[in-house]
Each structure stands twice: as C-alpha cells, then as structure tokens.
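Here's the structure, in structure tokens; my notes come after.
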Amino acid sequence: MNKIIVVGSINIDNVVYTKKVPVPGTTEMGESFMSNIGGKGANQACAIHFLETPVMFVGAIGNDPNGEKVKKYFDSINLNNHLFVKTAPTGSAHIWCETVKGENQIITIPGANEALTISDMKEFENLIEANDILLLQLEIPIDCVLHLIKCAKNIGAKVVLNPAPYHFIDNEYLKYIDYFIPNEHELDGFIPGKESYEYKAKTLLKLGVQNVIVTLGEKGSLFVNNQETINVPPNKVNVVDTTCAGDSYCGAFSSYLLKGKSIKECLKFASLVSSKTVTKKGAISSLPHIQDL
C-alpha cells in the first residue's frame, strides 16, 4: 500500500493566549498558557494520521525529557515514526496568540531539528517507493529538503512542498516539485512584487513547478496549473487559534491526493479540515479526526 512520508520538524509549543500582544517596553496580562507537541512536520503527520491515511513521520528529537515526551506521544497514538536522537535539545516554538482575531506570532528555536543531516536522510530514503507522497516543509536544514526532493522524484514519488517558513530555493529544484503550497507571505518571498496571486503562481509554473496552491486564510485558497485555475472559497467559522491551519491543510490535501481524489475534492477537503482546526486551541490538539468530519 502506498503511503505518505512526512519529513520535518518537531517542537514543543509554548502558547500564550492574550487579548493584546505587548509592544516593546510594555507588559500585558495574558489569558492562558499551554504547552504541547507541535512543529510543522509533526503537525502535518498527525493531521494525516487522524484522517486514517497511511503515513510515516521522520524527524529529530533531543536526548532530553521533551524528546521522551514526543516519543511516548507518537507511540501512544500509533503514529509510525523514525526519530533521530540528537545531542541538541528538542526544538521549541514560542507562540503569542491574540484572541480577538485568533492570529499569532511565532518564534522557533530549532534545536534538534537543525541537527538533521543528509546522512540521516540517506539512512531511510530506501523506504520511499514509487507513487508514495513525500510531504516536506522548511523547518529542517534546507540541504536535507533539497536532497529528498531530488531523491523522491528519481524514485517516482510525488513531492508536496509547504515552503514554510520561507527559505530561498534554487530554481533547479523547483522542477521536482509536484505540489507547491505557500501562503501569501511565502509566495511573496519567491515572487516579490504587487502582482496578483495568480500571476505569481503562474510565474512559478514557468520555473518548473507542476501545481501551485496558495493558502489565503480567511480568503480561502487558490489552485493554479497549466490547465486550470480554481478559487476555493473559505468555510466561515469562529476562529479561535490559527496556529495549525496551514499544516492541517497540507496534511488533508496530501491525504486525499493519496486516495486518488480529484484536485477539486482535495482542495475542498483540505479547506474543510483547516476550517475545523482553527476552531480549537493548540496545534496537534486542534486537529480533527476522521469521525469529526
């Protein structure tokens, strides 16, 4: 059976919920605090797993209590995982979530995520098979990501890249990407200027990307390839926390893609799952399970 392989980051998310994020030189009273497991890679893998789709997660933890916490959690939910244990501490993210609109600001400390190497990637790359889907983000070293992109395409797997956070990628590698899923800010990083999202997406197609999906938050999402352009309207919900919105979108899209659904079905399903995610606090804890849909 084909599967999705997610290679990416693991963080301990430390989240402060507040009506007002402080500006320099000021102090504000927060509403609540929570600490839980997150990281773009872990979030996306769990999103797929909760949708009952075959998935394997590859990432790095530190040889510390947070690393033990991550390992125990993955084992408790039966998530197939391959975790490299590094001397660096387990990664962390420090999140300020403004509760009026549910928007957030995030600072990440990579820790063990940054210690992944190409040698680590070579250790498991023989597990990638033709027609698998490789889902990647950019919270691990870029050389690892680029190595896997090229490796997967040589094997015949599909490559889905969520280029978050933004990092420059040489045009040489864009031709290996089947589905490129930036948000509007990341899209601006690759194609600066005031042109439309559709224009920028088509520019990426000219550089070799096969399909572009721009996630636009409350404005929905936009799909562009050389055959068609699809605007997907948002699902109107009461937004509580947007922390895992993009990760749940990428996970849900990849889940339906593996199941052979049409592009329109994949986009609508991803939008639905993402809209469910933002109605709850947290990252992995906010992800819907298949029975919730």
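Residue numbers count from 1 along this sequence.
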- Query: Backbone N or O of Glu139 within a donor-acceptor pair of the Gln137 side chain at under 3.5 Å?
  - Reply: no
- Query: Any idea how Phe190 and Phe180 line up, ring-wise: parallel (<30°), tilted (30 to 60°), or perpendicular (>60°)?
  - Reply: perpendicular
- Between the side chain of Gln44 and the main-chain N/O of Gly41, is any donor-acceptor distance below 3.5 Å? no
- Item | Closest non-hydrogen atom pair between Asn225 and Gln227, with its separation | OD1-N, 2.8 Å
- Which residue pairs pass the salt bridge (Lys or Arg N to Asp or Glu O under 4.0 Å) test with at least one member in residues 146-163, sequence neighbours excluded? Lys150-Glu172, Lys153-Asp178
- Under 3.5 Å: donor-acceptor pair, side chain of Thr18, backbone of Lys20: yes
- Message: When you compare the side chain of Val160 with that of Ile181, does any pair of heavy atoms fall below 4.5 Å?
- Response: yes
- Message: I want to know whether Phe33 and Tyr17 have ring centres closer than 6.0 Å.
- Response: no
- When you measure from the side chain of Asn11 to the backbone N and O of Asp13, does any donor-acceptor pair fall under 3.5 Å? no
- Message: Check this for me: Lys259, atom NZ, are more than 12 non-hydrogen atoms of other residues, nucleotides or ligands nearer than 6.0 Å?
- Response: yes
- Rounding to 0.5 Å, atoms CZ (Phe50) and CG (Leu79) come to a distance of 8.0 Å
- Please report the closest heavy-atom contact between Ala60 and Ala112, naming both atoms and the distance. CB-O, 3.5 Å
- Message: Restricting to non-hydrogen atoms, name the atom on Asn36 and the atom on Gly282 that form the minimum distance, rounded to 0.1 Å.
- Response: ND2-CA, 4.1 Å
- Item | Note, Asn238 side chain near Thr279 side chain (heavy atom, < 4.5 Å) | no
- Note on the structure: Ile128 and Ala157 have their tightest heavy-atom pair at CG2-CB, 3.9 Å
- Message: Tell me every residue that passes side chain to side chain donor-acceptor pair (under 3.5 Å) with Ser286, counting only those two or more places apart in sequence or in another chain.
- Response: none
- Task: Taking Ser271 for its side chain and Pro234 for its backbone only, find out whether a donor-acceptor pair lies under 3.5 Å.
- Result: no
- Message: Do Thr229 and Leu222 make a side-chain contact, defined as non-hydrogen atoms from C-beta onward lying under 4.5 Å apart?
- Response: yes
- Is the closest basic N to carboxylate O distance between Glu129 and Lys3 below 4.0 Å? yes
- Task: Is it possible for you to say whether Phe57 and Phe84 belong to one hydrophobic cluster, with membership spreading through side-chain heavy-atom contacts below 4.5 Å?
- Result: no
- Item | Which atom of Asn43 lies closest to which atom of Ala283, heavy atoms considered | OD1-CB, 3.6 Å
- Under the side-chain contact (heavy atoms from CB on, under 4.5 Å) criterion, do Ile107 and Trp96 qualify, and how do the steps go? CA-CA 9 Å; Ile107 295 176; Trp96 291 262; 4.1 Å; yes
- Message: Test side-chain contact (heavy atoms from CB on, under 4.5 Å) on Lys200 and Asp188; report intermediate values, then the result.
- Response: CA-CA 8 Å; Lys200 292 182 178 185; Asp188 287 344; 2.5 Å; yes
- Leu174 and Val159: same hydrophobic cluster, using ILVMFWY side-chain contacts below 4.5 Å? yes
- Task: Examine the side chains of Asn14 and Ser35 and answer whether a donor and an acceptor come within less than 3.5 Å of each other.
- Result: yes
- Item | Transitive ILVMFWY side-chain link Val23 to Val16, under 4.5 Å | no
- Do any N or O atoms from the side chain of Thr90 and from the backbone of Gly62 form a donor-acceptor pair under 3.5 angstrom? yes
- Note on the structure: Separation between CG (Leu187) and CD (Glu184), nearest 0.5 Å, reads 8.5 Å
- Task: Working to the nearest 0.5 Å, report the span between CG of Asn113 and NZ of Lys40.
- Result: 12.0 Å
- Working to the nearest 0.5 Å, report the span between CD1 of Ile263 and NZ of Lys268. 13.0 Å
- Task: State plainly whether one hydrophobic cluster holds both Val6 and Met121, where clusters connect Ile, Leu, Val, Met, Phe, Trp and Tyr through side-chain heavy atoms under 4.5 angstrom apart.
- Result: no
- Please confirm whether the backbone N or O of Lys281 pairs with a side-chain atom of Ser285, one donor and one acceptor, at under 3.5 Å? yes
- What residue pairs, at least two apart or across chains, pass salt bridge (Lys or Arg N to Asp or Glu O under 4.0 Å) with a residue in residues 218-239? none
- Note on the structure: So salt bridge (Lys or Arg N to Asp or Glu O under 4.0 Å) across residues 71-88, not counting sequence neighbours, yields Lys71-Asp75, Lys86-Asp120
- Message: On a heavy-atom basis, which atom in Leu134 and which in Ala152 lie closest, and how many Å separate them?
- Response: CD2-CB, 3.7 Å
- Query: Do His289 and Glu52 have side-chain N/O donor and acceptor atoms under 3.5 Å apart?
  - Reply: no
- Task: Output yes when a side-chain donor or acceptor of Glu265 lies under 3.5 Å from a complementary backbone atom of Ser262, and no otherwise.
- Result: yes
- Among side-chain atoms of Thr215 and Asn183, is any donor-acceptor pair under 3.5 angstrom? no
- Message: Strictly distance-based, threshold 3.5 Å: is any side-chain N or O of Ser254 a donor or acceptor partner for the main-chain N or O of Cys250?
- Response: yes
- Note on the structure: Tested for side-chain contact (heavy atoms from CB on, under 4.5 Å) against Phe223, the lone hit among Val232, Ile230, Asn231 is Ile230
- Is any side-chain heavy atom of Leu267 closer than 4.5 Å to a side-chain heavy atom of Phe253? yes
- Taking atom CG of Asn63 as the centre, does the number of heavy atoms from other residues, nucleotides or ligands within less than 6.0 Å exceed 12? no
- Query: Is there a path of hydrophobic side-chain contacts, each under 4.5 Å between heavy atoms of I, L, V, M, F, W or Y residues, that connects Val224 with Tyr179?
  - Reply: no
- Message: Please determine whether side-chain contact (heavy atoms from CB on, under 4.5 Å) holds for the pair Asn104 and Glu98, giving the CA-CA distance in whole Å, both sets of side-chain angles, and the decisive distance to 0.1 Å.
- Response: CA-CA 6 Å; Asn104 58 56; Glu98 179 266 300; over 6 Å; no
- Query: So Lys280 and Asp241, side-chain contact (heavy atoms from CB on, under 4.5 Å) or not? Walk me through it.
  - Reply: CA-CA 6 Å; Lys280 295 181 180 179; Asp241 184 351; over 6 Å; no
- Is there a side-chain contact between Val7 and Leu148 (heavy atoms, below 4.5 Å)? yes
- Task: Tell me yes or no: between the side chains of Asn162 and Tyr249, is some donor less than 3.5 Å from an acceptor?
- Result: no
- Item | Test item: Phe124 and Ile5 side chains (from C-beta on) under 4.5 Å apart, heavy atoms | yes
- Please round to the nearest 0.5 Å and tell me the distance separating atom CD1 of Ile284 and atom OG of Ser248. 12.0 Å
- Query: Remaining members of Leu51's ILVMFWY cluster at a side-chain heavy-atom cut-off under 4.5 Å?
  - Reply: Tyr256, Phe269, Leu272, Val273, Ile290, Leu293
- Message: Could you check whether any side-chain N or O of Ser274 sits under 3.5 Å from a backbone N or O of Ala245, counting only pairs where one atom can act as donor and the other as acceptor?
- Response: yes
- With sequence neighbours left out, write down each residue that passes side chain to side chain contact (heavy atoms under 4.5 Å, CB included) with Ser196, or none if nothing qualifies. Glu198, Tyr199
- Interatomic distance, CG@Leu258 vs OG1@Thr53, rounded to 0.5 Å, equals 6.5 Å
- Message: Using side-chain heavy atoms (C-beta onward) and a distance below 4.5 Å, is Leu161 in contact with Leu138?
- Response: yes
- Item | Close side-chain approach of Glu28 to Lys19, heavy-atom, < 4.5 Å | no
